[in-house]
**Student:** 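There's a structure below that I have some questions on.
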Amino acid sequence: QVQLVESGGGLVQAGGSLRLSCAASGRTFSRYAMGWFRQAPGKEREFVAAMWWSGGNTYYADSVKGRFTISRDNAKNTVYLQMNSLKPEDTAVYYCAAGLSSNLYAADWSYWGQGTQVTVSS
């Protein structure tokens, strides 16, 4: 059974930093893309960042480019999202996802975590 378990969310002031973690288990993810999405109240789930578990390119939404960094630790089977220079508009529930495509569309991703709340105060 595939499990993606996020952690690391919380309340932070604008300009601060958080690091989200996503512990993956239940299958081999070597051929999968790992991604982060977010969903603010009343809005659709939107793409934030993605990378292939095997390495290579990383992909970011324009709104987070230069501030967020996605990375992975193969030994720990964990994907991270380092978020710096946080803004109030980054407030959302952040979800970890795994899929066979690294595209922007949430519907194309196969597995999802339960989400972790990130709140950025002004």
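Note that these values count all heavy atoms, side chains included, but never hydrogens, waters or copies made by symmetry.
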**Student:** Only pairs at least two apart or in different chains count here, so list each salt bridge (Lys or Arg N to Asp or Glu O under 4.0 Å) that has a residue in residues 17-37.
**Tutor:**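 Of all non-adjacent pairs touching residues 17-37, none passes salt bridge (Lys or Arg N to Asp or Glu O under 4.0 Å).
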
**Student:** Please report the closest heavy-atom contact between Ala50 and Trp109, naming both atoms and the distance.
**Tutor:**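 So the minimum-distance heavy-atom pair works out to CB-CH2, 3.9 Å.
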
**Student:** Grouping I, L, V, M, F, W and Y whenever their side-chain heavy atoms are under 4.5 Å apart, do Tyr94 and Tyr80 come out in a common cluster?
**Tutor:**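 Different clusters.
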
**Student:** Rounded to the nearest 0.5 Å, what's the gap from CD on Gln82 to OG on Ser71? Could you check?
**Tutor:**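 Nearest 0.5 Å value for the CD-OG distance: 8.0 Å.
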
**Student:** Shortest non-hydrogen contact from Thr91 to Val120?
**Tutor:**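 For Thr91 and Val120, the tightest heavy-atom pair comes out as OG1-N, 2.9 Å.
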
**Student:** Is Leu100 reachable from Tyr95 through a run of hydrophobic residues whose side-chain heavy atoms are each under 4.5 Å from the next?
**Tutor:**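 Tyr95 does not cluster with Leu100.
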
**Student:** Can you name the closest pair of heavy atoms from Ala106 and Trp112 and give their distance?
**Tutor:**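 Smallest interatomic distance, heavy atoms only, reads O-CZ2, 3.3 Å.
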
**Student:** Residues two or more places apart in sequence or in another chain: which of them pass salt bridge (charged side-chain N to carboxylate O under 4.0 Å, His left out) with Glu46?
**Tutor:**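 Arg38.
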
**Student:** Considering non-hydrogen atoms only, spot the tightest contact between Leu81 and Val48 and give its length.
**Tutor:**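 Looks like CD2-CG1, 4.2 Å.
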
**Student:** For the pair Asn77 (side chain) and Ala24 (backbone), establish whether a donor and an acceptor sit closer than 3.5 Å, ignoring hydrogens and angles.
**Tutor:**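 Yes; judged by distance alone, with no hydrogens or angles, the pair exists.
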
**Student:** Determine which pairs satisfy disulfide bond (SG atoms under 2.5 Å apart) with at least one residue from residues 34-74, sequence neighbours left out, and list them in order.
**Tutor:**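 Checked against disulfide bond (SG atoms under 2.5 Å apart) - neighbours excluded - no pair reaches residues 34-74.
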
**Student:** Output every pair passing salt bridge (Lys or Arg N to Asp or Glu O under 4.0 Å) with a member in residues 93-103, not counting sequence neighbours, ordered by first then second residue.
**Tutor:**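 Those involving residues 93-103 do not exist here.
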
**Student:** Taking salt bridge (charged side-chain N to carboxylate O under 4.0 Å, His left out) as the test, write out the residues that go with Lys43, two or more places apart.
**Tutor:**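 Here no residue qualifies.
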
**Student:** Determine, using ring centers only, whether Phe68 and Trp36 are less than 6.0 Å apart.
**Tutor:**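 No; Phe68 has its ring centre 6.0 Å or more from that of Trp36.
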
**Student:** In terms of hydrophobic clusters joined by side-chain contacts under 4.5 Å, are Met83 and Met34 together?
**Tutor:**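 Shared cluster, yes.
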
**Student:** Is it the case that the ring center of Phe37 lies less than 6.0 angstrom away from the ring center of Phe47?
**Tutor:**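 When the ring centroids of Phe47 and Phe37 are compared, they turn out to be within the sub-6.0 Å range.
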
**Student:** Only distances under 3.5 Å count here; give the side-chain donor-acceptor pairs of residues 2-13 to other protein atoms, sequence neighbours excluded, each with its distance to 0.1 Å.
**Tutor:**
| residue | atom | partner | partner atom | Å |
| --- | --- | --- | --- | --- |
| Glu6 | OE1 | Gln114 | N | 3.0 |
| Glu6 | OE1 | Gln114 | NE2 | 3.4 |
| Glu6 | OE1 | Gly115 | N | 2.9 |
| Glu6 | OE2 | Cys96 | N | 2.7 |
| Glu6 | OE2 | Gly115 | N | 3.2 |

**Student:** Can you confirm whether Thr116 sits close enough to Val93 that some side-chain heavy atom of one is under 4.5 Å from a side-chain heavy atom of the other?
**Tutor:**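 Sidechains of Val93 and Thr116: no contact.
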
**Student:** So, Gln117 and Thr119: side-chain donor and acceptor under 3.5 Å apart, yes or no?
**Tutor:**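 Gln117 vs Thr119: donor-acceptor pair found between side chains.
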
**Student:** Who passes side-chain hydrogen bond (donor to acceptor under 3.5 Å, both in side chains) against Ser85, sequence neighbours left out?
**Tutor:**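 Applying side-chain hydrogen bond (donor to acceptor under 3.5 Å, both in side chains) to Ser85 gives none.
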
**Student:** Any pair with a residue in residues 49-60 that passes side chain to side chain donor-acceptor pair (under 3.5 Å), sequence neighbours left out, goes on the list, sorted by first then second residue, please.
**Tutor:**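 For residues 49-60, and leaving out neighbouring residues, the side chain to side chain donor-acceptor pair (under 3.5 Å) pairs sorted by first residue read Trp53-Asn74.
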
**Student:** Quick one: name the residues clustered hydrophobically with Tyr105, using the 4.5 Å side-chain heavy-atom rule over I, L, V, M, F, W, Y, and just say none if it's on its own.
**Tutor:**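 Under the 4.5 Å side-chain rule, Tyr105 groups with nothing.
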
**Student:** What closest approach, in Å, do Thr78 and Ser21 show between heavy atoms, and which atom pair accounts for it?
**Tutor:**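 In this case the closest contact between Thr78 and Ser21 is CG2-CB, 4.1 Å.
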
**Student:** Shortest non-hydrogen contact from Ala92 to Ala40?
**Tutor:**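 Looking at all heavy atoms of both residues, the closest pair is CB-N, 3.8 Å.
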
**Student:** Does one side chain, of Ser17 or Asn84, offer a donor that lies under 3.5 Å from an acceptor on the other?
**Tutor:**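 On atom types as modelled, these side chains qualify, holding a pair under 3.5 Å.
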
**Student:** Going by salt bridge (Lys or Arg N to Asp or Glu O under 4.0 Å), name the pairs with one or both residues in residues 72-83, residues two or more places apart or in two chains.
**Tutor:**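 Passing the test, one end in residues 72-83: no pairs.
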
**Student:** Between Tyr111 and Phe29, what is the ring plane arrangement, given parallel below 30°, perpendicular above 60°, and tilted in between?
**Tutor:**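 Perpendicular: the ring planes of Tyr111 and Phe29 meet at over 60°.
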
**Student:** Sequence neighbours left out, what pairs pass disulfide bond (SG atoms under 2.5 Å apart) with at least one residue falling in residues 55-94?
**Tutor:**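 For residues 55-94, and leaving out neighbouring residues, there are no disulfide bond (SG atoms under 2.5 Å apart) pairs at all.
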
**Student:** My understanding is that only residues two or more places apart in sequence, or in another chain, count here; which of them pass salt bridge (charged side-chain N to carboxylate O under 4.0 Å, His left out) with Arg67?
**Tutor:**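 With sequence neighbours excluded, Arg67 shows a salt bridge (charged side-chain N to carboxylate O under 4.0 Å, His left out) to Asp90, given in chain and number order.
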
**Student:** Is there a donor-acceptor pair closer than 3.5 Å between any side-chain N or O of Ser101 and the backbone N or O of Asn103?
**Tutor:**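 Flag set: sc Ser101 to bb Asn103 pair under 3.5 Å.
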
